[in-house]
Amino acid sequence: MLRGRTRRGQQDAVRDDPLDAAQERRVRAVLALGGVPQADLPDGVQQVRLRLLERAASGRGAPENVSAWAAVVASNLAMDWHRAKRRQERIGERLAALRHSDHPSGEETSLLSLAVARGLDELPDIQRQVVVLRFFADLPVRGIAAELGIPEGTVKSRLHSAVRALRTRLHEDEVV
């Protein structure tokens, strides 16, 4: 009795599958030819199934030619896989570069901190205020403008002038 239920359940599942065996093979082939590793092919097939089911659930129904539609979706998934892989590689390269970059010594950091503090002291109050709020309090330009009751453009202008003055000061002191 249990055996019959299992078979019937499996048959229902096969009937409910939006991709038939030939369409699934085609999707696998498109993904493989698109450079997706063998281990990721089942996930790709499931993504195609999911998108087909989502399409039906949204009321658009099945595409006219499911096989062609599934092949296009599989091709797009392969491109997405490559984009994600390149993105991960770039992130890894940036992290590796950060790990291997030269970190300033404690003495260099102290000198830079003192020079920045002196530079901040020399700024006009309105410029110092936006620099502190932006870079030390980590407020966005919009938040600074709201807090001070001034336009965002004014905040940007003051920040630009202040950073330029600080940069000039640090170069004059030969700190950077």
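Other residues, nucleotides and ligands contribute more than 12 heavy atoms inside 6.0 Å of the CD atom of Glu122.
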Evaluate the criterion salt bridge (Lys or Arg N to Asp or Glu O under 4.0 Å) for residue pair Arg83 and Asp80; output intermediate values, then yes/no. CA-CA 5 Å; Arg83 284 186 196 114; Asp80 290 346; 2.9 Å; yes
Hey, mind stepping through Ser157 and His160 against side-chain contact (heavy atoms from CB on, under 4.5 Å) and telling me if it holds? CA-CA 5 Å; Ser157 173; His160 177 75; 5.8 Å; no
Go through Arg134 and Leu139 one step at a time and tell me if the side-chain contact (heavy atoms from CB on, under 4.5 Å) criterion holds. CA-CA 5 Å; Arg134 177 68 187 105; Leu139 288 177; 6.0 Å; no
Candidate pair Leu133 and Leu148, rule side-chain contact (heavy atoms from CB on, under 4.5 Å), full reasoning: CA-CA 10 Å; Leu133 290 173; Leu148 299 178; 4.2 Å; yes
For the pair Arg158 and Ile150, evaluate side-chain contact (heavy atoms from CB on, under 4.5 Å) and give the outcome as yes or no after the intermediate values. CA-CA 11 Å; Arg158 289 178 185 175; Ile150 58 176; 3.5 Å; yes
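The minimum heavy-atom distance between Leu31 and Val45, with the atom names listed, is CD1-N, 3.8 Å. Between His82 and Gly34 the shortest heavy-atom distance is NE2-O, 2.6 Å. When all heavy atoms are compared, the tightest approach of Gly35 to Trp81 is O-CZ3, 3.5 Å. In terms of heavy atoms, Ala32 sits closest to Leu41 at N-CD2, 3.8 Å. Pairing each heavy atom of Gly44 with each of Leu77, the nearest pair is O-CD1, 3.6 Å. The heavy-atom pair separating Leu166 from Gly119 by the smallest distance is CD2-C, 3.4 Å.
A heavy-atom distance below 4.5 Å is not found between the side chains of Gln23 and Pro18. Between Thr168 and Glu172 there is a side-chain heavy-atom pair separated by less than 4.5 Å. Residues Val73 and Gln47 are not in side-chain contact: their nearest non-hydrogen atoms beyond the backbone lie 4.5 Å or more apart.
One hydrophobic cluster, built from ILVMFWY side chains closer than 4.5 Å, cannot hold both Phe136 and Ile126; they sit in different ones. Linking ILVMFWY side-chain heavy atoms closer than 4.5 Å, directly or via other members, places Val30 and Val36 in two distinct hydrophobic clusters. One hydrophobic cluster holds both Ile144 and Val131 under the rule that ILVMFWY side chains link at heavy-atom gaps under 4.5 Å. Under the 4.5 Å side-chain contact rule for hydrophobic residues, Leu123 and Val130 share a cluster.
Here the straight-line distance linking atom CZ of Arg118 with atom CZ of Arg169 works out to 6.0 Å at 0.5 Å rounding. Residue Leu19 holds its CG atom at 11.5 Å from CZ of Arg25, rounded to the nearest 0.5 Å. For the atom pair CD (Gln129) and CD (Gln127), the distance works out to 11.5 Å, reported to the nearest 0.5 Å.
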Which donor-acceptor pairs under 3.5 Å do side chains of residues 56-68 form with protein atoms, sequence neighbours excluded?
| unit_1 | atom_1 | unit_2 | atom_2 | d |
| --- | --- | --- | --- | --- |
| Ser58 | OG | Arg55 | O | 2.8 |
| Ser58 | OG | Arg60 | NE | 3.4 |
| Asn65 | OD1 | Ser67 | N | 3.2 |
| Asn65 | OD1 | Ala68 | N | 3.2 |
| Ser67 | OG | Arg26 | NH1 | 2.9 |

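Salt bridge status for Arg49 with Glu24: present, with a side-chain N to carboxylate O gap under 4.0 Å. The existence of a salt bridge linking Asp125 and Arg128 is confirmed by a sub-4.0 Å separation between a basic side-chain nitrogen and an acidic carboxylate oxygen.
Listed by chain and residue number, nothing satisfies the side-chain hydrogen bond (donor to acceptor under 3.5 Å, both in side chains) test with Trp69 (two or more places apart in sequence, or in another chain).
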